[in-house]
Amino acid sequence: MDNKQKPQNEIKIELTPEVAHGHYSNLAMIAHSPNEFVMDFINMIPNPPQARVQARIIMTPENAKNLFFALRDNIERYENTFGVIEQRRPVAGGNPSDGGNIPNSFKA
């Protein structure tokens, strides 16, 4: 009998080549209802009047909060390794060339 058994809580995750390529996003729109959070990740380039949603992620409120904590922990580890991430002050309708005032690209 084989004594090497996998732990019961181990999850095997498959990453297909199409998904592994990823999507770049520099804008996110977040909305919620009582039962779910909807996050649209968008790639917006300067000047065109239209931007396309690259991915939409829908989560339960509990999973959205778990994502928040995981992201916070990862940012803390990143900053401990590479230094503090400097934020440019977001202002509505700002221009990246005017001293760092940029539009807030994460909208609730």
Legend entry - ILVMFWY cluster, Phe68 and Ile75 together (side-chain gap under 4.5 Å): no

Legend entry - Within one Ile-Leu-Val-Met-Phe-Trp-Tyr cluster: Phe69 and Leu71, side-chain cutoff 4.5 Å: no

Spatial distance of atom [atom1] ([X]) from atom [atom2] ([Y]) [nearest 0.5 Å]:
{"X": "Arg72", "Y": "Leu67", "atom1": "CZ", "atom2": "CG", "result": "12.0 Å"}
{"X": "Thr16", "Y": "His21", "atom1": "OG1", "atom2": "NE2", "result": "12.0 Å"}
{"X": "Met44", "Y": "Tyr24", "atom1": "CE", "atom2": "OH", "result": "10.0 Å"}
{"X": "Phe41", "Y": "Gln54", "atom1": "CZ", "atom2": "CD", "result": "11.5 Å"}

Inset, instruction - Would you mind telling me which of Ile57, Ile58, Ile30 makes a side chain to side chain contact (heavy atoms under 4.5 Å, CB included) with Val38? - result: Ile58

Inset, instruction - Considering non-hydrogen atoms only, spot the tightest contact between Leu27 and Ser25 and give its length. - result: O-OG, 2.9 Å

Legend entry - Shortest non-hydrogen separation from Pro34 to Pro61 and the atoms involved: O-CG, 3.8 Å

Inset, instruction - With side chain to side chain contact (heavy atoms under 4.5 Å, CB included) as the test, would you mind laying out the steps for Thr60 and Asn35 before giving the verdict? - result: CA-CA 6 Å; Thr60 65; Asn35 299 316; over 6 Å; no

Inset, instruction - Could you walk me through whether Asn43 and His23 pass the side chain to side chain contact (heavy atoms under 4.5 Å, CB included) test, one step at a time? - result: CA-CA 8 Å; Asn43 181 6; His23 293 282; over 6 Å; no

Inset, instruction - Walk me through it: do Val84 and Glu86 pass the test side chain to side chain contact (heavy atoms under 4.5 Å, CB included)? - result: CA-CA 6 Å; Val84 175; Glu86 297 294 331; 4.1 Å; yes

Inset, instruction - Before giving the answer on side chain to side chain contact (heavy atoms under 4.5 Å, CB included), spell out for Met39 and Met59 the whole-Å C-alpha distance, their side-chain angles and the decisive distance to 0.1 Å. - result: CA-CA 8 Å; Met39 294 168 272; Met59 296 181 148; 3.5 Å; yes

Inset, instruction - Decide if atom CZ of Arg52 counts as having more than 12 heavy atoms of other residues, nucleotides or ligands within a radius under 6.0 Å. - result: no

